[in-house]
Amino acid sequence: TVVSWSRLLSFVSAWRNLESICYLLRFLSAPRRIQGARPVSLSTAAMGIFGIGRGGDGSGNRKLTLQDVAELIQKKECHRMVVMAGAGISTPSGIPDFRSPGSGLYSNLQQYNIPYPEAIFEIAYFFHNPKPFFTLAKELYPGNYRPNYSHYFLRLLHDKGLLLRLYTQNIDGLERVAGIPPDKLVEAHGTFTTATCTTCRRSYPGEDFRGDVMADKIPHCPVCTGLIKPDIVFFGEELPHRFFLHVTDFPMADVLFIIGTSLEVQPFASLADAVRSSIPRVLINRDLVGPFAYQPQYNDVALLGDVISGVEKFVELMGWKKEMQELIQRETEKLDAKDN
Ligand SMILES: [Zn+2]
């Protein structure tokens, strides 16, 4: 036991060191877009012609199907699921895209003459004029939108003890509203549930500034009067510390689901390749993206098209249809009671 204790202690100290290593690595991990670096992706038709990702990988491995994945999970052979989610899971909730002309949010932002839409996530622009960002904040502050079928599917995974972690790129907070506990979540691009003073760095619950945000007032620090910024990750800013859970989560995962993301924003996108190569990866998305497009493996399963239909198909294979209905009804009633 002496030996195992010392091993345990060295593991603990290694774990602590990891924190400092992560600190050093942080600057490498600020969100950035891949520019022209994306490998050429074959169209689904071309893949059909060349037989890539269809009949196997040439090494004799049979191509995995969604049914196979469902059975692996049912047999508990896969029970440490990691999920990567993006905007596609929130579109059915009506979350507006601030870059889409025609949405109310887009026209609200137009009045500010922003040089280009992404400027609202740039820290220099924020200090120059925080109003456009708070227009977005007002729209996305918790309470305006409701989770949809995809969010509740992720909640059900958690209820069943299958969810190791959910990595989301979304800043709408709908994963939390759906009842997924914060410790199961990595909100890679930040959250409105907390906010930080840009001057004294004090941290506050986002709720403290709800009144200001809803009244179109720029929130200021009650201690030092500095400008308050919700904890949304701006371009060039470090990712939340929790993001580094990926160092242990992805190698530990025994199945990966990627739902509603174009896998274009780094470093998030690269996580799709951070799992062990032997585990099933399931993509539920409008299009074939990331490694599913340029380097499909025999254990990759892609459900293309409408995200909710894809999720429903999987739920049906798992035999969870009724449970999903009950969960959604229960949670909807809770939200209704809160609103009234
Ligand atoms: Zn302050």
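Counting starts at 1 for both ligands and their atoms, following the listed order.
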Residue and atom, protein N/O/S, under 2.8 Å of the Zn ion (ligand 1):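 Only Cys197 SG, Cys200 SG, Cys221 SG, Cys224 SG fall inside 2.8 Å of the Zn ion (ligand 1).
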
Test side-chain contact (heavy atoms from CB on, under 4.5 Å) applied to Glu312 - qualifying residues, sequence neighbours left out: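 Result, side-chain contact (heavy atoms from CB on, under 4.5 Å) vs Glu312: Tyr149, Ile308.
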
Could you please spell out the steps behind the side-chain hydrogen bond (donor to acceptor under 3.5 Å, both in side chains) verdict for Thr135 and Tyr112? CA-CA 10 Å; Thr135 303; Tyr112 298 110; 3.2 Å; yes

Partner residues of Lys160 under the side-chain hydrogen bond (donor to acceptor under 3.5 Å, both in side chains) criterion, sequence neighbours left out: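 Partners of Lys160 by the side-chain hydrogen bond (donor to acceptor under 3.5 Å, both in side chains) criterion, ordered by chain and then number, come out as Glu323.
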
Residues forming a side-chain hydrogen bond (donor to acceptor under 3.5 Å, both in side chains) with Asp249, sequence neighbours excluded: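 side-chain hydrogen bond (donor to acceptor under 3.5 Å, both in side chains) check on Asp249 returns Arg165, Tyr167.
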
Side-chain heavy atoms nearer than 4.5 Å, only ILVMFWY residues, links allowed to pass through others: does that put Leu72 and Trp320 together?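 Unlinked, Leu72 and Trp320 end up in two clusters.
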
Step by step, work out the side-chain hydrogen bond (donor to acceptor under 3.5 Å, both in side chains) result for Glu71 and Gln67. CA-CA 6 Å; Glu71 280 168 17; Gln67 176 75 49; 3.1 Å; yes

